[in-house]
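What follows is one structure encoded as structure tokens, with my remarks underneath.
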Amino acid sequence: MKIRVGHLYPDYLNIYADRGNIAVLANRAGWRGIDFEVRSIGIGDPVRPADVDLIYVGGGQDREQALIAPDLTAKGEALREAVAGGVAMLAVCGGYQLLGRFYRDRYGSELPGAGVLPLHTVAGERRMIGDVLLECELEPGDRRTLAGFENHAGRTILDEGATPLGRVLAGFGNDGTSGHEGCRLGRAIGTYLHGPLLPRNPWLADWILAQAAAHATGGDPPVLEPLDDSLESEAHAVSSARARSRGGRL
Ligand code: GLN
């Protein structure tokens, strides 16, 4: 089996080692004998929904977001078609914000978004920085915790009826008040969690791989062979404890 990945703007949107998420997915696929082919999709490059099983985009400062926003907006229709067609997606922080309708920075200037996720973002004065811990239930009855690090000025507002990625146990999350973090739309996930996210949350890496594999085969998400995640579990425990002890303090 082969999973084809489209990595949006790797040269612009890659802070807090977000690129590390691709390395985790590639290794965990490889350890199960799954081919994992990554293609960069930059400014001016087309998005062909039929050519990808997974789309990834990292985070970035306002400056980098402004450099790619017009191009990302032009890719909006293809990205919406991809997600509607079952392509998996992981979008982090600045990338997550620009997959919504718009990101308005703290000076009031508005960056158009791709209109893929049901949300918009408005920057506040104070940045929301620190360790975060969420409770997620991506599969009914299967509750898991997600640990990471956040640093954003943006306050993301989900549309009425939209599904958050998780409930905030410690940290700020989307806006510091709703108690929610991230957004989920089918196989597409948006989140503020950096770190990178996936090394300390292998269950989410496997969930994303299984969703992408389902798109690649046209079947159901496969149950992937378990791996020895003892190191990852330790990293998760350390990150969770840090979030509980100091997350979410302005
Ligand atoms: N520039 C955006 C903000 O400040 C996103 C930051 C990020 O990707 N960490 O909210």
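What you see is a predicted model; the values in this text were computed from it and never measured. Residue numbers start at 1 and run along the sequence shown. In each ligand, atom 1 is the first atom listed, and ligand 1 is the first ligand listed.
Interface of G94 with ligand 1, defined as ligand atoms under 4.0 Å from a residue heavy atom, comprises 5 (C), 7 (C), 8 (O). Of all atoms in ligand 1, listed by their number and element, those nearer than 4.0 Å to a heavy atom of G154 are 3 (C), 10 (O). Ligand 1 places these atoms under 4.0 Å from at least one heavy atom of G59: 8 (O). Residue-ligand proximity, G60 to ligand 1, at heavy-atom distances under 4.0 Å covers atoms 1 (N), 2 (C), 5 (C), 6 (C), 7 (C), 8 (O).
Of all protein heavy atoms, the one lying nearest to atom 7 (C) of ligand 1 is C93 SG, 2.9 Å. Remark: minimum distance from atom 1 (N) of ligand 1 to any protein heavy atom is reached at D62 OD1, 2.6 Å.
Atom CD of Q97 and atom OG1 of T121 lie 4.5 Å apart (nearest 0.5 Å).
Backbone and side-chain nitrogen or oxygen atoms of N151 are examined, and one is located within less than 3.5 angstrom of a nitrogen or oxygen of ligand 1. The N/O atoms of Q97, backbone and side chain alike, include one that comes under 3.5 Å of an N/O atom in ligand 1. The shortest N or O to N or O distance between A153 and ligand 1 is below 3.5 Å. Residue Q61 places no N or O, backbone or side chain, under 3.5 Å from any N or O of ligand 1. Looking at ligand 1, you won't find any N or O of I15 less than 3.5 Å from one of its N or O atoms.
Side chains of Y9 and N14: a donor-acceptor N/O pair is absent below 3.5 angstrom, by distance only. With hydrogens and angles left out, the side-chain atoms of S109 and D105 include a donor and acceptor closer than 3.5 Å. Side-chain contact check for D62 and Y107: no donor-acceptor pair (N or O, by modelled atom type) lies under 3.5 Å.
Of the possible donor and acceptor atoms, none in the side chain of H180 sits under 3.5 Å from a partner among the backbone N and O of P164.
By the 4.5 Å heavy-atom criterion applied to side chains, I68 and L13 are counted as neighbours.
No close placement of the H194 and F149 rings is indicated, their centers lying 6.0 Å or farther apart.
The only member of L54, L79, V52 that meets side-chain contact (heavy atoms from CB on, under 4.5 Å) when paired with V87 is V52.
Residue contact annotation: R127 has a non-hydrogen atom under 4.0 Å from ligand 1. Remark: distances from the non-hydrogen atoms of H194 to ligand 1 include one below 4.0 Å. Close to ligand 1: Y103, with a non-hydrogen atom less than 4.0 angstrom away.
Between Y192 and H152, the ring planes are parallel. Angles under 30° get that label, and only those over 60° would be called perpendicular.
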